[in-house]
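The structure appears right after this line, and notes come after that.
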Amino acid sequence: MPELPEVETTRRGISPAILNKKINDVIIRRANLRYPIPKIIHEKLIAKSFSEITRRSKYLIFQSEHGSMILHLGMSGNLRIVPKLTAPQKHDHVDFIFDDCCLRYTDPRRFGAILWTEKNPEQHKLLISLGPEPLTAKFNGAHLFKIAQRHSLTVKNFIMDSKNVVGVGNIYASEALFLSKIHPHQAANKITLEQYNLLAKMIKTTLKKAIKAGGTTLKDFYQFDGKPGYFKNELQVYGRAGEKCYDCNGLIKKIITGQRATYFCEECQD
DNA sequence: ACAGTAACCTGTTTGC
DNA sequence: TGCAAACAGGTTACTG
């Protein structure tokens, strides 16, 4: 999926094209995403506008007059600005029609979600127990170290758990661990405070760089204007099994951690 | 309470 | 070439 940098790239990309513009229509071609899209969004949004798009974790929150639309891109979701009357393709499930353009939601695997709430969206069931945002001061090595003391699972799974810190998906978890020289299979409660300080720093650095590059396009992700994200060129270990480490020339290995592919350098990380 | 696993769904790649 | 299995960026719900 879109991990945090891809979601943030999308937010920045679509905002100027649609904010404060009248929504003429909401076309739902297929409502059965991860959760059914509530029918009510149609009447709640028609003739209204989005005043702001914010991001919490990998959720985009579209602020509107009568409430908030919460949108998650899931594994293969994608929001793009397309010209009005662009013919929909097979997986183009939802269109938001404006005077001069259309915001289109595409999602082949349909793991994404579009929800509606009239309360504070941060209090929504899906958002309420999320951990700190990685790019804020609240997230640091001391925070990770403290909660890690009661977790014996692998450090990779630990940083991918959204209760501990949000927005660190499979790609950036491998990348940040490589930059911190920590083996992904180390137990979370065996990592020192110094290591967590470095890891927190590397998570921030990696995510910021990826946002600058417009995210990582492996296959499905495209920015709002259809361009791919360019961070793939900067990946140090992800997807490089069998190739040489840029740092030490050692071999990059692929292992499975909690059913997910994990890449690391055997020489650099222990 | 926690760790591990299955499930949601479709498309593409890999291997026999 | 054909077909089936494996795999893919996320998250929740269930199991033990």
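On a predicted model such as this, the values are computed, not experimentally measured, just so you know. Numbered from 1 within each chain, the chains take letters A, B, ... in sequence-line order.
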With the side chain defined as heavy atoms from C-beta on, A/K125 is closest, among B/dC2, C/dA13, C/dA8, to C/dA13
Looking only at C/dG10, B/dC9, C/dT12, the nucleotide nearest the A/R109 side chain is B/dC9
Separation of C/dT11 atom P from A/I159 atom CD1, nearest Å, is 14 Å
A/M75 CE to B/dG11 C1', in whole Å, measures 12 Å
The side-chain hydrogen bond (donor to acceptor under 3.5 Å, both in side chains) partner of A/T262 among A/N170, A/N157, A/T257 is A/T257
Side-chain contact check for A/P108: nearest option of B/dT5, C/dT11, B/dG11 is B/dG11
The Watson-Crick or G-U wobble partner of B/dA3, with both key distances under 3.5 Å, is C/dT15
Quick note, A/A261 side chain, CB onward, closest among C/dT11, C/dA8, B/dA3 is C/dA8
From CG of A/L60 across to C1' of C/dG10 the rounded distance in Å is 14 Å
Rounded to whole Å, NE2 of A/H72 lies from P of C/dT12 at a distance of 8 Å
Closest to the side chain of A/H151, out of C/dT12, B/dT10, B/dA3, is B/dA3
Among the nucleotides B/dT10, C/dA8, B/dA6, whichever has the atom closest to the side chain of A/Q259 is B/dA6
| request: Write down the distance separating the P atoms in C/dC14 and B/dC9, rounded off to the nearest Å. | output: 15 Å
A/S162 side chain near C/dT11 phosphate (N/O to OP1/OP2, under 4.0 Å):
no
Distance between the P atoms of C/dA5 and B/dA7, in whole angstroms?
16 Å
What nucleic acid atoms does A/K254 come within less than 4.0 Å of, heavy atoms only: base, sugar-phosphate, or nothing? sugar-phosphate
Whole-Å distance, A/H185 NE2 to B/dG4 P, equals 10 Å
Q.
Is any side-chain heavy atom of A/S64 closer than 4.5 Å to one of A/L45?
A. yes
As its Watson-Crick or G-U partner within any shown strand, both distances under 3.5 Å, B/dC9 has none
- prompt: Is the aromatic ring centre of A/F111 closer than 5.5 Å to the centre of the six-membered base ring of B/dC9, with the two planes inclined by less than 30°?
  reply: no
* Considering only atom P, compute the distance from B/dA1 to C/dT11 and round it to an integer number of Å. => 23 Å
_Side-chain N or O of A/R150 closer than 4.0 Å to phosphate OP1/OP2 of B/dC2_ = yes
Closest of B/dT10, C/dG10, C/dT11 to the A/Y59 side chain is C/dT11
Quick note, A/E3 side chain, CB onward, closest among C/dT12, C/dG10, C/dA8 is C/dG10
Among B/dC2, B/dA3, B/dT10, the one nearest any side-chain atom of A/L153 is B/dA3
Q.
Under 4.0 Å from OP1 or OP2 of C/dA8: is there any side-chain N or O of A/K219 that close?
A. no
- So what does A/K90 touch, heavy atoms closer than 4.0 Å: a base, only the sugar-phosphate, or nothing? sugar-phosphate
Is the shortest heavy-atom distance from the side chain of A/L130 to the side chain of A/R56 under 4.5 Å? yes
Atom CG of A/D220 and atom P of B/dT13 are separated, to the nearest Å, by 11 Å
Categorize A/R110 for me: base, sugar-phosphate, or nothing, with a 4.0 angstrom heavy-atom threshold over every strand shown. sugar-phosphate
Decide yes or no for A/C265 and A/D247: does some side-chain heavy atom of the first lie under 4.5 Å from some side-chain heavy atom of the second? no
To the nearest angstrom, the CG-P distance between A/L127 and C/dT12 comes to 9 Å
Review point. For the base of C/dA8, is there a side-chain donor-acceptor partner from A/R260 under 3.5 Å away?
Key: no
Notebook entry, point to check: P atom, C/dT1 versus B/dG11: distance in rounded Å?
Noted result: 23 Å
Answer with base, sugar-phosphate or nothing: what part of the nucleic acid does A/Y238 contact at a heavy-atom distance below 4.0 Å? sugar-phosphate
Result for salt bridge (Lys or Arg N to Asp or Glu O under 4.0 Å) between A/R55 and one of A/E133, A/E122, A/E6 points to A/E133
query = Under 6.0 Å from the six-membered ring centre of A/Y105 and within 45° of its axis: does the NZ or CZ of A/R29 meet both?
reply = no
From CG of A/N157 across to C1' of C/dG10 the rounded distance in Å is 13 Å
Between A/E65 and A/K44, does at least one N-O distance fall below 4.0 Å, as a salt bridge requires?
no
